[in-house]
Amino acid sequence: AQTVTQSQPEMSVQEAETVTLSCTYDTSESDYYLFWYKQPPSRQMILVIRQEAYKQQNATENRFSVNFQKAAKSFSLKISDSQLGDAAMYFCAYRGGGSNYKLTFGKGTLLTVNP
Amino acid sequence: ETGVTQSPTHLIKTRGQQVTLRCSSQSGHNTVSWYQQALGQGPQFIFQYYREEENGRGNFPPRFSGLQFPNYSSELNVNALELDDSALYLCASSLKDTGWDEQYFGPGTRLTVT
């Protein structure tokens, strides 16, 4: 079974600074997808960024980028120029490449942004 | 384009009772997944429905059941409620036929079992 581990229960960053959230995963599959989701206090889970395992190039979405290390099974999220609105719980998630599209989530990292 | 909606927002039930939670998919989506998120934890996959058929199930007992309707909205039913069923229940809809299945989440239903 696939597992996703987020080793940082909480992180904090100063506004305008950069922060990196860590995620490792375990799988025997070669085809899969990785995601970072953001869950603000409103509870709605919002997709931040996604990465297909077959792509070597790291995904980037504006201020958000990932460092995908397939051999190390590591998938970290870097947030640049942090903003107050980035404060939320961040979840790393894994999806296998088969027809069952279930997401396996880590326990989350609570990000605080200090003004 | 309407997003994923869930009802009710909050619910309080007594142990042993039954509950039905509802989810309306995003317009055009044909797949609905349900997740249980206990306090301080990441969401756990309950099951997924695709075109009204169950398409995968997580490690949840049979008292967790679901339905998907022809309009692709969905229900999650939980029988014989236990205290540990207290959680945030999230549904997510997606369009499976495109080969890329991005899941869009609803705001969740907070269930408290006393």
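Naming convention: chains lettered A, B, ... in sequence-line order (proteins, then strands); numbering from 1 in each chain. This structure is a prediction, so every number in the text was calculated from the model and none was measured.
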Legend entry - Region of B:Gln37 in contact with chain A, defined by heavy-atom distances below 4.5 Å: side chain
Inset, instruction - Spell out, as yes or no, whether a donor-acceptor pair under 3.5 Å connects the side chain of A:Gln44 to the backbone of B:Phe105. - result: yes
Inset, instruction - Below 4.5 Å from any heavy atom of chain A, which atoms of B:Tyr35 appear? Answer side chain, backbone, both or neither. - result: side chain
Inset, instruction - Quick one: which of B:Gly108, B:Gly40, B:Gly106 has the most heavy-atom pairs under 4.5 Å with chain A, could you say? - result: B:Gly106
Inset, instruction - Provide the closest heavy-atom pair for B:Val4 versus B:Pro107 in the form atom of the first, atom of the second, distance. - result: O-CD, 3.7 Å
Inset, instruction - Evaluate whether atom CD1 of B:Ile12 has more than 12 neighbouring non-hydrogen atoms of other residues, nucleotides or ligands under 6.0 angstrom away. - result: no
Inset, instruction - Give a yes or no on this: more than 12 heavy atoms of other residues, nucleotides or ligands lie within 6.0 Å of atom CZ of B:Arg15. - result: no
Legend entry - Among A:Met45, A:Gln6, A:Arg43, residue most engaged with chain B (heavy-atom pairs, under 4.5 Å): A:Arg43
